[in-house]
Amino acid sequence: MENSTKFGTTVNWVIGIVFTLIGLVNVFSGNDPVFGGFIILLSLVYYPPIQAFIHRLTGFGINNGIKTLLGLFILWASLGVGELMSKIEQILQSM
């Protein structure tokens, strides 16, 4: 049981960091920093300390189904609507 908990915690950290980086790309590249800030705000749900804080504050946690749907939304919004790949290309070309 302990190994699955460590694995889940690690996965949450990795997903949180990836979504935060996606948000930062949107904040600093492109014309919509509010969208990037929104993505960063949504990514906070994946960080275990924030999950514990939400659980203490509200008395319930965010289950994996909700986090999966939220992750799919973030990916859809970033890759499709947010044109993430073209923003990354733009950042790499400016270096």
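These numbers come from the heavy atoms of this one structure, side chains and all, not from hydrogens, waters or symmetry mates. This structure is a prediction, so every number in the text was calculated from the model and none was measured. Along the sequence shown, the residues carry numbers beginning at 1.
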Stepwise, does the side-chain contact (heavy atoms from CB on, under 4.5 Å) test hold for Val45 with Ile50?
CA-CA 6 Å; Val45 170; Ile50 302 295; over 6 Å; no
Cut-off 3.5 Å, no hydrogens considered: what does the side-chain donor-acceptor table look like for residues 65-75, sequence neighbours left out?
| residue | atom | partner | partner atom | Å |
| --- | --- | --- | --- | --- |
| Lys67 | NZ | Asn12 | OD1 | 3.4 |
| Thr68 | OG1 | Asn64 | O | 2.8 |

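In this structure, the side chain of Gln51 does not engage the main chain of Gly61 through any donor-acceptor pair within 3.5 Å.
In terms of heavy-atom proximity, Thr9 sits nearest to Pro48 at CG2-CG, 3.7 Å. Here the closest non-hydrogen pair linking Gly37 and Val27 is N-CG2, 3.6 Å. Taking each heavy atom of Asn26 and Gly36 in turn, the nearest pair found is CB-CA, 3.6 Å. Smallest separation of non-hydrogen atoms from Gly16 and Ser43: O-CB, 3.9 Å. Of all heavy-atom pairs between Ser78 and Ile22, the closest is OG-CG2, 3.2 Å.
Atoms CG and CD1, from Leu44 and Ile39 in turn, are 11.5 Å apart once rounded to the nearest 0.5 Å.
Applying the ring pair (Phe, Tyr, Trp, His ring centres under 6.0 Å) test to residues at least two apart or on different chains, the pairs with a partner in residues 43-62 are Trp13-Tyr47, Phe19-Tyr46.
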